[in-house]
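In what follows, a structure is listed as structure tokens, so that the remarks can point back to it.
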Number of protein chains: 2
Amino acid sequence: MTRSPKADTKGRKLSSFLCFAVYSANLAFGRAYKPILDAFGLTYTQYIAMIALSEADEQTVSALGEKLFLESNTLTPILKKLEQSGYISRTRDPADERQVRVSLTAAGRRLLDKEINASLVEATGLGDEFPIVQKSVVRLRDNLLHHTRGDAKKG
Amino acid sequence: MTRSPKADTKGRKLSSFLCFAVYSANLAFGRAYKPILDAFGLTYTQYIAMIALSEADEQTVSALGEKLFLESNTLTPILKKLEQSGYISRTRDPADERQVRVSLTAAGRRLLDKEINASLVEATGLGDEFPIVQKSVVRLRDNLLHHTRGDAKKG
DNA sequence: TCCGATTAGATCGGATACGATCTATATCCA
DNA sequence: TGGATATAGATCGTATCCGATCTAATCGGA
């Protein structure tokens with residue numbers, strides 16, 4: 001890496017800017033979505049958790065955490081709030097009382113399918129580039145995650 | 001992943017995935033950097049704040065906040081901690097006592113210039129694509145910010 | 001079968017984000 | 001000049017993130 005000749009200082013700055021670009025893009029997403037989500041009493045993280053829940057019913061907290069890159073310490077309070085709001089259900093698995101099964105309720109699914117919708121895509125202003133940027137960011141994230149765990153599965 | 005047949009649902013999902021990709025890439029940056037920053041007693045946000053501070057001396061909290069997309073409610077506690085750590089200085093501007101001027105100390109600058117370095121670039125694993133991804137994410141962020149404030153200044 | 005190890009969530013404390021509000025200082029202008 | 005207004009930070013409450021730890025349930029081996 002650091003393919004630049006004056007690699008040192010320039011490399012550090014570039015790195016800083018990429019990490020900062022992602023950091024601030026994340027803040028920007030939160031702010032762009034907030035007015036829309038506020039109307040439904042959802043926070044940004046709660047909304048993301050519901051998207052993950054929309055992919056399957058009866059997911060465990062751990063399985064959900066793998067999708068979200070979060071653990072029970074973060075998820076448990078969020079899921080409890082979503083349960084209180086009536087958007088999800090939480091029940092202990094009778095077959096293994098250690099596990100909690102989480103699903104969207106009818107109200108939660110209705111919220112995702114109908115009430116919150118296309119306005120969120122437009123906010124990105126990316127047009128045709130949307131899937132390209134998406135792919136790059138996903139790969140960036142995965143590279144970082146592999147680096148973290150010392151896992152050298154590279155492409 | 002699990003791309004749905006319906007256009008409506010698909011649009012929502014794509015949007016979700018881009019916001020989620022950024023969200024999780026940000027988490028991934030924090031985790032990849034943590035082991036490195038831990039050694040210097042810095043958090044990820046504190047590190048980013050120091051990068052912004054490295055661009056100029058005697059910045060006000062507001063000016064710093066504009067670069068970081070943060071306000072005094074978030075910055076003040078962070079800057080106080082960095083001051084306690086000895087990496088920055090905070091002083092009221094004699095010409096306008098409302099303003100606080102913030103600068104890196106010698107120790108802070110040394111930390112950025114020498115001690116923390118190229119290892120942070122490698123963690124991204126992006127190689128030559130680094131500047132391209134960076135540019136896309138910056139544009140995404142700016143689009144979102146413009147959308148938030150209803151400002152339609154586009155490129 | 002019983003006890004240690006493992007697993008799944010939950011709890012706790014520290015550090016962000018952020019809306020709302022507060023204080024102190026500076027400015028405006030009749 | 002003096003009170004209304006504006007500005008810059010700071011404080012507070014709520015909601016994430018995350019490391020460390022705890023509890024309860026399950027599993028494994030002698």
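In what follows, chains carry the letters A, B, and so on, assigned in the order in which the sequence lines appear, proteins first and then strands, with residues in each chain numbered from 1.
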Open item on the list: Using whole Å, what does the distance between atom C1' of nucleotide C:dT16 and atom CZ of B:Phe29 come to?
Closed with: 18 Å
TODO: Give the minimum heavy-atom separation between A:Leu53 and A:Gln59, together with the two atoms involved.
DONE: CA-NE2, 3.6 Å
TODO: Measure from the side-chain N and O atoms of B:Thr74 to the backbone N and O of B:Leu70, and report whether any donor-acceptor pair falls under 3.5 Å.
DONE: no
Task: Whole angstrom value for the distance that separates P of C:dG9 from CG of A:Leu68 - done: 13 Å
Open item on the list: Without decimals, in angstroms, what is the distance between B:Leu70 CG and C:dA15 P?
Closed with: 17 Å
TODO: Using heavy atoms to find the nearest nucleotide of DNA chain D for A:Thr45 and A:Asp96 separately, return the residue whose nucleotide is more 5′.
DONE: A:Thr45
Open item on the list: Quick check: on DNA chain C, is the nucleotide nearest A:Lys34 upstream (toward 5') of the one nearest A:Ser62, or the reverse? Name the residue that is more 5'.
Closed with: A:Ser62
Task: Closest non-hydrogen atom pair between A:Leu79 and A:Ile88, with its separation - done: O-CD1, 3.3 Å
Task: Separation of C:dA8 P from A:Leu64 CG (nearest whole Å) - done: 14 Å
TODO: Indicate if B:Val22 and B:Val138 have the same hydrophobic cluster label, given that clusters are the connected sets of ILVMFWY residues with side-chain heavy-atom separations under 4.5 angstrom.
DONE: no
- [ ] Take the protein atom OH of A:Tyr33 and the nucleotide atom P of C:dC18, then report the distance between them rounded to whole Å.
- [x] 16 Å
Open item on the list: In whole Å, I'd like the distance from the CG atom of B:Leu27 to the P atom of C:dT16.
Closed with: 15 Å
TODO: Nearest whole angstrom, please: distance from the P of C:dA15 to the CG of B:Leu82.
DONE: 12 Å
Open item on the list: Is a donor from one side chain sitting under 3.5 angstrom from an acceptor on the other, for A:Thr91 and A:Arg101?
Closed with: no
TODO: Check whether any side-chain N or O of A:Tyr23 sits under 4.0 Å from OP1 or OP2 of C:dA17, and answer yes or no.
DONE: yes
Task: Interface with DNA chain D, restricted to residues 72-81 of chain B and to heavy atoms under 4.0 Å - done: B:Ser72, B:Asn73, B:Thr76, B:Lys80
TODO: Figure out the CG/P separation between B:Asp38 and C:dG14, and round it to whole Å.
DONE: 16 Å
- [ ] Check for a donor-acceptor pair, side chain of A:Arg141 on one end and backbone N or O of B:Ser24 on the other, with a separation under 3.5 Å.
- [x] no
TODO: Determine whether B:Val137 and A:Ile132 fall in the same hydrophobic cluster, where Ile, Leu, Val, Met, Phe, Trp and Tyr are linked whenever their side-chain heavy atoms lie under 4.5 Å apart.
DONE: no
TODO: Remember a base hit wins even if backbone is also touched, and classify A:Glu71 as base, sugar-phosphate or nothing at under 4.0 Å, heavy atoms.
DONE: nothing
TODO: Could you identify which residues of residues 85-93 of chain B place a heavy atom less than 4.0 Å from some atom of DNA chain D, listed by residue number, or say none?
DONE: B:Arg90, B:Arg92
- [ ] Output, in order, the C-alpha distance, side-chain angles, deciding distance and verdict of salt bridge (charged side-chain N to carboxylate O under 4.0 Å, His left out) for B:Arg90 and B:Glu83.
- [x] CA-CA 7 Å; B:Arg90 288 166 69 246; B:Glu83 185 184 34; 3.0 Å; yes
Task: Over all atoms of both residues, closest heavy-atom pair of A:Ser54 and A:Leu104 - done: CA-CD1, 3.8 Å
Task: chain A footprint on DNA chain D, 5' to 3' - any atom under 4.0 Å from a heavy atom - done: D:dA15 to D:dT26
Task: Distance-only polar pair, side chains of B:Thr60 and B:Gln99, donor-acceptor under 3.5 Å - done: no
- [ ] Quick one: sort the A:Tyr44 and B:Tyr23 rings into parallel, tilted or perpendicular, breaks at 30° and 60°.
- [x] perpendicular
Task: Comparing B:Tyr44 and A:Ala63 on DNA chain C - which has the more 5′ nearest nucleotide - done: A:Ala63
Task: B:Ser85 side chain to B:Lys81 backbone, donor-acceptor under 3.5 Å - done: yes
